[in-house]
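Contents: one structure, followed by commentary.
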Amino acid sequence: MDKKELEQKVDEILDRGILVEFLPTKEEFRNKLLAGEKLRFYIGADPTAKALHLGHAQNLMVLEDFRRLGHEVIFLIGDFTGMIGDPSDKSSARVKQTRAEVEANFSAWKDQVKNILDFEDKENPVLIKYNSEWLGKLNFGDVLELASNFTVQQMLERDMFEKRMNEGRPIYIHEFMYPLMQGYDSVAMDVDVEMCGTDQIFNALAGRTLMQKMKNKDKFIIAAKLIADEKTGMLMSKSNGTGVFLDLDANNLFGAIMSQPDGMIKPLAIGCTRISLSEIEKLMQLENPRDAKLKLAWEIVKIYHGKERADEAREYFINTFSKKELPDEVAEEKATEGEEMLNFIVRAGFASSKGEARRKIEQGGVSIDGQKISDIKQTLTKDLFNGKILKVGKKNFIKIVF
RNA sequence: GGGUCGGUGGCAGAGCGGUCAAUUGCAUCAGACUGUAAAUCUGACGACUUCGGUCUACGGCGGUUCAAAUCCGUCCCGGCCCA
């Protein structure tokens, strides 16, 4: 690849706007990339979650871009750091996980992101490392040595800690160790670039400091913006009800994207698809944001489940929710003669208790072949219900069979 | 070590002897509406129920009382201040 082509590709990545913070500077990072040297990138992930979400996906897609440019990419599983829990989020101590649990989670992740990150490339696959490999070997003396590179005041600068101090909420000693550990990861792997979300910059900076002190090397930090609603600034997260996990099947993934607020369309299109910027602009001009969202949902589903599934999921969504038709294929659940409807709804997994099932019926959320039912004492009999479609709420369908 | 405040439903956080299965917000669920599973509005939101109730729950254990999330004792856990 000649110089011009390289420059164009590098700028394409940088101009997309996903990366918003560069340390020491964007200019220096760009020059480093243009120098043509093979660099070692890494990103870390906490293995406590069973599924990755679209925020991870965004960051991994950027790394894949760098991998395609010939750089080395390490996907670090923070199995050791995961034992502490990143103080960035509110929870403090976490449950210690066994290696087997960590590996089980990771193999699920790998399955979720195998279409955006190439683990199988013959020449330059994405490498996987576990930080217990080195962190687990440090002894107390090593830890003291590491800790002596930082002051309590430096740690307290972290906005999170500062906030907790002001609010009189606890900060545990071991939480101070988190940035140290994450920092040591950089040293142990001898990386050139760490990628993270903007909420992780503090931790990444600890690594930069350690790299300078221990290896006399200038590590770059590139930070991606967190996916947030353009209008309200609300982050995509589970507690806001907008988190989208990658282990969803095609239909549910499609639906989860359709239920995003409109302000999320553009950030998601930029961060989580490969649609070109100019095409995204066109999409944003569409009169009905729903159509832009349909396209977005299709593009994202396509990445994880393929084109065919994406088409099906779109059709399913339109039929089921826009036109309120029945889906083509409905799962079946066996009923027994004389079984209570309430009981059946619970067994089908549409309510967690009979009380909840009762409530759904009372609120008009349950229907049989389109006929709302109102009798909570309804029982199922073969001659009346065999083969009928039970609908609970908007999205749950099941065929009653005997 | 001393003092002091606190531990409540998925989370945050009220209640401080009966009217408490416990106000409210977030999350969740159902309905209406819509451009969508957006937004907004309405309702629900411990379990079981013959729909009258029954049971289990406000850190653990024990007590006072006709009656305790609420009072007392004790234990466990935590915050803050002082040392």
Side-chain angles (χ1 to χ4, degrees), chain A residues 53 85 89-93 161 163-175 227-245 248-269 283-298 300-301 313-327 340-343 345-367 370-379 390-397:
Chain A
H53 53 68
D89 48 30
K90 56 181 183 274
S91 58
S92 39
F161 288 143
K163 208 171 146 207
R164 297 227 300 246
M165 284 293 277
N166 291 337
E167 290 173 3
R169 288 191 294 129
I171 299 170
Y172 292 85
I173 305 281
H174 71 268
E175 292 184 285
I227 299 175
D229 190 310
E230 282 187 311
K231 289 165 198 141
T232 62
M234 192 139 83
L235 290 176
M236 198 169 78
S237 80
K238 203 179 172 189
S239 52
N240 290 332
T242 51
V244 178
F245 288 88
L248 296 172
D249 63 39
N251 286 346
N252 281 315
L253 181 59
F254 200 99
I257 294 156
M258 289 308 287
S259 71
Q260 293 296 316
D262 293 349
M264 216 61 110
I265 298 175
K266 195 173 176 187
L268 281 174
L283 214 54
M284 299 311 293
Q285 304 301 318
L286 289 178
E287 213 165 294
N288 189 338
R290 185 198 49 188
D291 296 331
K293 221 187 276 181
L294 278 170
K295 168 79 172 161
L296 172 70
W298 185 84
I300 291 178
V301 172
R314 179 172 52 196
E315 200 179 326
Y316 174 85
F317 181 85
I318 292 173
N319 287 341
T320 310
F321 301 112
S322 300
K323 297 191 196 154
K324 305 206 170 164
E325 283 173 7
L326 284 179
E340 280 184 308
M341 177 64 94
L342 292 177
N343 196 47
I345 292 172
V346 174
R347 274 204 307 119
F350 295 160
S352 57
S353 67
K354 288 170 84 170
E356 191 182 339
R358 193 188 326 267
R359 206 185 313 131
K360 286 182 199 235
I361 293 177
E362 280 166 359
Q363 293 181 148
V366 178
S367 62
Q371 273 311 93
K372 270 188 191 172
I373 63 169
S374 52
D375 181 9
I376 55 169
K377 291 182 202 155
Q378 184 68 256
T379 53
L390 170 71
K391 181 182 177 201
V392 179
K394 287 180 193 157
K395 35 186 162 174
N396 303 311
F397 300 91

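Just so it is clear, the values below take in all heavy atoms, side chains as well, and ignore hydrogens, waters and symmetry mates. From a predicted model like this one, the values you see are computed outputs, not experimental measurements.
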Does A/Met341 form a side-chain contact (heavy atoms from CB on, under 4.5 Å) with A/Leu390? I'd like the steps, not just the answer. CA-CA 10 Å; A/Met341 177 64 94; A/Leu390 170 71; 4.2 Å; yes
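- You'll find the side chain of A/Lys231 reaches within 4.5 Å of the side chain of A/Asp262, heavy atoms only.
- Side-chain contact check for A/Gln260 versus A/Ile265: every heavy-atom pair is 4.5 Å or farther apart.
- Comparing A/Leu342 and A/Lys293 along RNA chain B, the residue whose closest nucleotide (by nearest heavy atom) sits nearer the 5' end is A/Lys293.
- Between B/rG46 and A/Ser353, no contact under 4.0 Å exists linking OP1 or OP2 to a side-chain N or O.
- If you measure from atom CD1 of A/Ile376 to atom P of B/rU49, you get 10 Å, rounded to the nearest angstrom.
- The side chain of A/Pro289 has B/rG35 as its nearest neighbour among B/rA37, B/rG35, B/rA38.
- One atom, CG of A/Asp291, and another, P of B/rU36, lie 9 Å apart when rounded to the nearest Å.
- Separating the C1' atom of B/rG79 from that of B/rG46 is a span of 30 Å, rounded to the nearest Å.
- Between A/Met258 and A/Glu340, the residue anchored nearer the 5' end of RNA chain B, judged by the nucleotide with its closest heavy atom, is A/Met258.
- Not a single donor-acceptor pair under 3.5 Å links the side chain of A/Asn240 to the backbone N or O of A/Thr242.
- Only the C1' atoms considered, B/rC29 is 34 Å distant from B/rC77, to the nearest whole Å.
- Annotation: B/rU34 and B/rU24 have their P atoms spaced 29 Å apart (nearest Å).
- Counting to the nearest Å, the C1' atom of B/rU49 and the NZ atom of A/Lys354 are 8 Å from each other.
- Formation of a donor-acceptor pair under 3.5 Å by the A/Asn396 side chain with backbone atoms of A/Val392 is found in this model.
- Per the geometry, CG belonging to A/Leu296 stands 13 Å off C1' belonging to B/rA38, to the nearest Å.
- At a cut-off of 3.5 angstrom, counting only N and O atoms as typed in the model, there is a donor on one side and an acceptor on the other between the side-chain of A/Asp262 and the base of B/rG35.
- Tested against A/Glu340, the residues A/Lys377, A/Lys354, A/Arg358 include a single salt bridge (Lys or Arg N to Asp or Glu O under 4.0 Å) partner, A/Lys354.
- The interatomic distance linking A/Met236 (CE) with B/rA38 (P) rounds to 16 Å, in whole Å.
- Between A/Lys360 and A/Ile345 there is no side-chain heavy-atom pair separated by less than 4.5 Å.
- B/rU65 and B/rA83 are spaced 42 Å apart, taking the C1' atom of each and rounding to whole Å.
- In this structure, the side chains of A/Ile227 and A/His53 stay at 4.5 Å or more apart for every pair of heavy atoms.
- Using a 4.5 Å heavy-atom cutoff, the side chains of A/Thr320 and A/Phe397 are in contact.
- Residues that satisfy the ring pair (Phe, Tyr, Trp, His ring centres under 6.0 Å) test with A/Phe317, not counting sequence neighbours, are A/Phe254, A/Phe321.
- At B/rC51, none of the side-chain N or O atoms of A/Arg358 fall inside 4.0 Å of OP1 or OP2 (strictly under the cut-off).
- To the nearest whole angstrom, the two C1' atoms, one in B/rG9 and one in B/rC26, are 14 Å apart.
- When the P atom is compared between B/rA39 and B/rC20, the two are found 33 Å apart, to the nearest whole Å.
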Protein heavy-atom contacts under 4.0 Å, written 5' to 3' over nucleotides 20-31 of chain B as B (base), S (sugar-phosphate only) or - (none), form the string ------SSSSSS
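- Here the separation of B/rA32 from B/rU8, taken at their P atoms, is 38 Å to the nearest Å.
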The dot-bracket string of RNA chain B, counting Watson-Crick and G-U wobble pairs with both distances under 3.5 Å, using [ ] for crossing pairs and | for pairs to another strand, is ((((((((.[[[..)..(.....]]].(((((.......))))).(((....)))...[[[[[..)....]]]]]))))))).
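- With rounding to whole Å, A/Glu230 atom CD is found 15 Å from B/rA38 atom C1'.
- Minimum heavy-atom separation, A/Ala292 to A/Leu283: CB-O, 3.7 Å.
- In this structure, A/Arg290 atom CZ and B/rA38 atom P are separated by 13 Å, rounded to whole Å.
- In this structure, A/Asn288 places its CG atom 7 Å from P of B/rU36, rounding to the nearest Å.
- The P atoms of B/rU23 and B/rG10 are separated by 14 Å, rounded to the nearest whole Å.
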